[in-house]
Amino acid sequence: MTPNAPPPTAPSTGAFLLERLRKRSDFLRAAKAARAPAPGFLLQGRQRHADEETTPGTIRVGFTCSKKVGNAVARNRAKRRLREIARLILPLEGRPGWDYVLVGRPAVTAALPFDQLKTDLSRALKKVHR
RNA sequence: GCGGAGGGUCGGAUGGCCGCGGGGCCCGAGGCUCCGAGGAAAGUCCGGACUCCCUGAAGCAACGGUGCCGGGUAACGCCCGGGCGGAGCAAUCCGACGGAAAGCGCCACAGAAAACAAACCGCCGGUCGUUCGACCGGUAAGGGUGAAACGGUGGGGUAAGAGCCCACCGCGGGACGGGCAACCGGACCGGCACGGCAAGCCCCACCGGGAGCAAUGCCAAAUAGGGAUCUCGCGGGGCGGAUAACCCCAGGGCCGCUUCAGCCCGAGAGAUCCGGGUUGGCAGCUAAAGCCAGCGGGCGACCGCUGGCAUAGAGGAAUGGUCAUCCAUGGGCGGGGCAACCCGCCCUGGACAAAAUCCGGCUUACAGACCCUCCGCGCGG
RNA sequence: UGGGGUGUAGCCAAGCGGUAAGGCAGCGGUUUUUGGUACCGUGUACCGUAGGUUCGAAUCCUACCACCCCAG
């Protein structure tokens with residue numbers, strides 16, 4: 001009964017520390033950089049400059065769900081799902097020294113199957129890294 | 001049983017794996033353990049608590065709000081009870097419900113006339129006149145217009161009419177009685193005088209300083225123009241040796257105005273101290289006019305006493321992701337049964353809406369389930 | 001958290017108690033060989049939604065909805 005049941009995909013080791021974006025200016029800088037649309041969300045990403053006062057080698061990530069996504073319940077749910085895929089995928093496939101921003105979309109971010117969101121994030125990351 | 005009225009409660013459950021915020025413990029990387037959204041957390045429409053700002057008190061003015069009466073409350077525009085008006089057979093529900101004889105304003109079109117009495121067609125009398133009619137006077141019953149036309153119906157009366165007179169109804173006043181009051185009843189009197197709109201201005205009564213937890217306080221870091229305190233000094237006159245003390249007279253400023261009280265300034269110089277905006281951290285920050293139970297008072301809102309409980313505190317903002325089973329819901333298939341329905345399997349899939357300083361209300365949204373009380377009709381006893 | 005504003009035809013809009021201007025666009029016509037221009041004519045409004053006040057509401061009042069802006 002237990003032969004499959006692989007270990008969970010979450011990296012318990014924490015190869016790279018995830019940090020949260022908190023300043024508006026960081027979000028604005030990320031918005032001007034490369035972007036990769038996905039069915040359930042929009043990914044923005046960029047490599048930080050050396051002169052920015054951040055701990056190098058960390059991956060930073062932010063989440064945005066505007067009023068277009070819906071009311072507070074819908075926005076919170078979309079942000080939680082985005083946060084969850086970021087927690088599962090970014091430590092494995094993200095690049096240290098980069099900032100990422102995930103933007104929620106109305107209806108679909110909360111409705112798509114969870115596995116599809118994860119594979120979409122992997123694909124979008126490859127696109128942004130080019 | 002059918003139909004209806006009012007009120008209340010709940011608003012998925014359990015578990016596995018991986019996570020999030022906060023508290024506590026372990027020496028630490030890290031681990032263990034406990035707690036972690038709502039009845040509306042919402043809209044931000046009212047009322048407060050709490051902070052900071054503003055010389056104080058009284059009166060006036062302005063502005064804003066409330067608006068039948070009484071009570072409850074920290075307070076309210078909320079709640080309870082009562083009155084009045086309206087809807088309903090009823091339970092019950094609804095009502096911005098003070099004042100139009102303080103004043104101003106408005107009432108389109110139609111109509112003779114729209115608020116103060118008047119008179120277009122009429123009706124009646126008189127004069128003139130061949131008829132049609134003209135003029136003078138009386139009248140407001142009839143006609144027509146309008147949302148609204150100056151009491152209604154009947155009778156008497158009259159030249160024709162009219163509260164001119166009478167009866168009933170309406171209206172106004174009202175001794176007296178009931179009620180804390182709103183208000184209710186009302187002998188009797190008046191003969192009709194008083195159109196509507198105050199969610200038009202307004203009048204009356206009552207209430208109200210301003211800003212808001214991004215308030216405000218503290219700490220640390222890095223940088224330029226300002227303020228506070230103290231000392232010296234400071235208008236005119238009197239007294240005096242005196243820039244001292246005391247007294248008198250002035251000037252300016254401090255709440256929108258006035259009065260009273262009070263305070264400050266009034267030549268500058270020196271010394272000391274502080275602030276402002278930026279970034280980060282800490283506090284404010286969760287014990288709340290709190291919740292539950294019992295007893296007592298009150299028609300009730302609610303109040304009092306006793307006992308018990310400790311119940312989210314984030315800060316680009318935690319309370320989740322995913323899977324399984326069950327429950328509610330909807331659908332399909334099969335079986336049993338006359339039927340209502342029952343059993344099994346499969347699929348579907350969970351109302352509204354998420355704390356942001358806290359509390360009392362209001363308003364709005366809400367799949368479904370359950371409970372209590374009452375009313376009408378039918379049937380049975 | 002607090003404050004302010006807007007909503008009228010497909011678009012821009014006036015009107016603030018008495019039955020909804022104007023312009024652009026649209027449609028039809030005249031002029032032109034045709035198109036454009038010019039001229040003439042014409043349709044289109046539950047006045048954001050729902051109640052209320054009033055004889056009468058786009059206008060006044062109340063609640064709600066949507067959008068926009070401002071301050072710390």
Side-chain angles (χ1 to χ4, degrees):
Chain A
M1 283 301 174
T2 56
N4 46 4
T9 50
S12 56
T13 55
F16 303 105
L17 293 177
L18 275 180
E19 228 171 72
R20 189 69 56 81
L21 290 184
R22 291 174 194 281
K23 287 189 187 173
R24 177 171 168 76
S25 50
D26 287 333
F27 280 88
L28 291 178
R29 274 198 287 266
K32 288 184 198 161
R35 53 180 58 194
F41 54 87
L42 174 72
L43 175 72
Q44 302 165 337
R46 67 176 191 110
Q47 189 166 17
R48 291 195 297 276
H49 296 297
D51 55 348
E52 290 178 39
E53 295 177 1
T54 57
T55 36
T58 57
I59 300 175
R60 300 200 303 171
V61 62
F63 306 93
T64 294
C65 286
S66 72
K67 265 180 146 180
K68 291 180 198 162
V69 174
N71 61 15
V73 175
R75 292 200 301 272
N76 282 345
R77 177 164 169 80
K79 268 193 278 189
R80 286 190 209 110
R81 300 192 93 207
L82 292 178
R83 211 156 45 211
E84 193 69 10
I85 61 171
R87 187 177 69 84
L88 293 173
I89 303 294
L90 276 182
L92 300 176
E93 303 183 22
R95 293 188 180 172
W98 279 58
D99 285 353
Y100 301 98
V101 171
L102 288 163
V103 182
R105 290 186 191 275
V108 289
T109 303
L112 281 182
F114 194 66
D115 287 337
Q116 187 189 338
L117 281 182
K118 289 200 284 189
T119 53
D120 283 346
L121 178 58
S122 301
R123 205 168 299 143
L125 278 173
K126 286 176 192 136
K127 194 168 173 187
V128 163
H129 287 154
R130 282 197 308 243

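Chain naming here is simple, since letters A, B, ... match the order of the sequence lines and numbering starts at 1 in each.
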Distance between [atom1] atoms of [N] and [M] (Å, rounded):
N      : M      : atom1 : answer
C/C46  : C/A58  : C1'   : 12 Å
B/G12  : B/G334 : C1'   : 31 Å
B/A271 : B/C54  : C1'   : 32 Å
B/A228 : B/U279 : P     : 29 Å
B/G294 : B/C68  : P     : 39 Å
B/G376 : B/G67  : C1'   : 39 Å
C/A63  : B/G77  : C1'   : 14 Å
B/A5   : B/G88  : P     : 16 Å

Under the rule syn = chi within 90° of 0, otherwise anti, which is [N]?
N      : answer
B/A37  : syn
B/G39  : syn
B/G313 : anti
B/A49  : anti
B/A288 : syn

Could you identify the nucleotide paired to [N], looking across every strand shown and requiring Watson-Crick or G-U wobble geometry with both distances under 3.5 Å?
N      : answer
C/G26  : C/U42
C/U53  : none
B/A91  : none
B/C116 : none
B/U66  : B/A205
B/C106 : B/G196
B/C76  : none
B/G368 : B/C10

Whole-Å distance separating the [atom1] atom of [X] from the [atom2] atom of [N]:
X      : N      : atom1 : atom2 : result
A/L90  : B/C18  : CG    : P     : 21 Å
A/R75  : B/A356 : CZ    : P     : 13 Å
A/I85  : B/G19  : CD1   : C1'   : 15 Å
A/L88  : B/C20  : CG    : C1'   : 13 Å
A/K118 : B/G321 : NZ    : P     : 14 Å

(message) If you compare all heavy atoms of A/G45 against all heavy atoms of A/V128, which two are closest, and at what distance to 0.1 Å?
(response)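 So the minimum-distance heavy-atom pair works out to CA-CG1, 3.9 Å.
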(message) Is the phosphate of B/A318 approached by A/R83 (side-chain N or O, under 4.0 Å from OP1 or OP2)?
(response) yes
(message) So, using side chain to side chain donor-acceptor pair (under 3.5 Å) as the criterion, who are the partners of A/Q116 when residues are at least two apart?
(response)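 Side chain to side chain donor-acceptor pair (under 3.5 Å) check on A/Q116 returns nothing, list empty.
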(request) Not counting sequence neighbours, which residues clear side chain to side chain donor-acceptor pair (under 3.5 Å) with A/S122? List them please. (result) A/E93
(request) Specify the residue among A/K79 and A/N76 whose closest nucleotide of RNA chain B lies further upstream toward the 5′ end. (result)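 Comparing both residues, the 5'-ward one is A/K79.
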(request) Find which nucleotide of RNA chain B each of A/F63 and A/A74 is nearest to by heavy atoms, and output the residue with the more 5' nucleotide. (result) A/F63
Heavy-atom check, side chain of [X] versus side chain of [Y], under 4.5 Å:
X      : Y      : answer
A/L43  : A/L102 : yes
A/Y100 : A/L121 : no
A/W98  : A/H129 : yes

(message) Test: salt bridge (charged side-chain N to carboxylate O under 4.0 Å, His left out). Region: residues 103-116 of chain A. Which pairs qualify, not counting sequence neighbours?
(response) A/D115-A/K118
Write out a two-atom table: protein N or O, nucleotide N or O from nucleotides 322-325 of chain B, distance below 3.5 Å.
unit_1	atom_1	unit_2	atom_2	d
B/U322	OP1	A/R81	NH2	2.6

(message) Which residues pass the side-chain contact (heavy atoms from CB on, under 4.5 Å) test with A/R83, not counting sequence neighbours?
(response)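 Scan of A/R83 (side-chain contact (heavy atoms from CB on, under 4.5 Å), adjacent residues dropped) gives A/R20, A/F63, A/R80.
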(request) Please identify each residue that fulfils side-chain contact (heavy atoms from CB on, under 4.5 Å) with A/R35, with sequence neighbours left out. (result) A/L42, A/Q44
(request) Could you check which of B/A353, B/A317, B/C18 has an atom nearest any side-chain atom of A/E84? (result)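 That would be B/C18.
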